[in-house]
Amino acid sequence: PHGRRRGDRARAASLPRSPPEWVDGYRAFLESALVDPALPLKRALLGIFTPAQLVRALYPLQLDREAPVASVTPNGWGRLYLTMRPHAHPRQWPRAARSRSQRGGP
């Protein structure tokens, strides 16, 4: 009677699936945040989150604003991105670097 029943599996907390059109935004978010892995999160995410938003976004990840960028797990980056989308103003979202073909230049 005790223990796991047949068919029960331990499930890892997974991120909700995001639409494919968010891939470029996620890439831009990572590129802007991962410039320097030793940088504290409060500096790496400056301009994206307000200080209060950053504290609230990092709380579920059990990270401090002074923690280095390298301390965030891949799952943590996904959670930060999904937190950024509804809470940070779209003007604050990092933009993907445009290639020369997109700019129309040589």
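Residue numbers count from 1 along this sequence. What's counted below: heavy atoms across the whole structure, side chains too, no hydrogens, waters or symmetry copies.
Under the rule for a salt bridge (charged side-chain N to carboxylate O under 4.0 Å, His left out), Asp36 has no partner lying at least two apart in sequence or in another chain. Take Arg65 and apply the side-chain contact (heavy atoms from CB on, under 4.5 Å) test, not counting sequence neighbours, and it matches Lys42, Pro51, Leu54, Val55, Leu58. For Arg27, the salt bridge (charged side-chain N to carboxylate O under 4.0 Å, His left out) partners two or more places apart in sequence, or in a different chain, are Asp24.
Contact annotation: the side chain of Val69 approaches that of Trp77 to within less than 4.5 Å [non-hydrogen atoms, C-beta and beyond].
Considering CG of Leu63 and OG1 of Thr73, their distance stands at 8.0 Å, rounded to 0.5 Å. The distance from the NE2 atom of His89 to the OG1 atom of Thr50 is 13.0 Å, given to the nearest 0.5 Å.
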Report, one line per pair, each donor and acceptor closer than 3.5 Å where one atom sits in a side chain of residues 81-88; sequence neighbours left out.
{"residue": "Tyr81", "atom": "OH", "partner": "Trp22", "partner atom": "O", "Å": "3.4"}
{"residue": "Tyr81", "atom": "OH", "partner": "Arg85", "partner atom": "NH1", "Å": "3.0"}
{"residue": "Thr83", "atom": "OG1", "partner": "Arg79", "partner atom": "O", "Å": "2.8"}

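Cluster annotation: Leu34 is connected to Leu45 through the hydrophobic network of ILVMFWY side chains, with a link wherever side-chain heavy atoms come within less than 4.5 Å.
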Report the C-alpha distance between Leu80 and Leu61 in whole Å, list the side-chain angles of each, state the deciding distance to 0.1 Å, and finish with yes or no for side-chain contact (heavy atoms from CB on, under 4.5 Å). CA-CA 9 Å; Leu80 284 171; Leu61 303 176; 3.8 Å; yes

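Shortest non-hydrogen contact noted between Pro94 and Ser32 is CG-OG, 3.4 Å. The two residues Pro68 and Pro37 make their nearest non-hydrogen contact at CB-O, 3.7 Å.
Few gaps surround CD on Glu21; more than 12 heavy atoms of other groups in view lie less than 6.0 Å from it.
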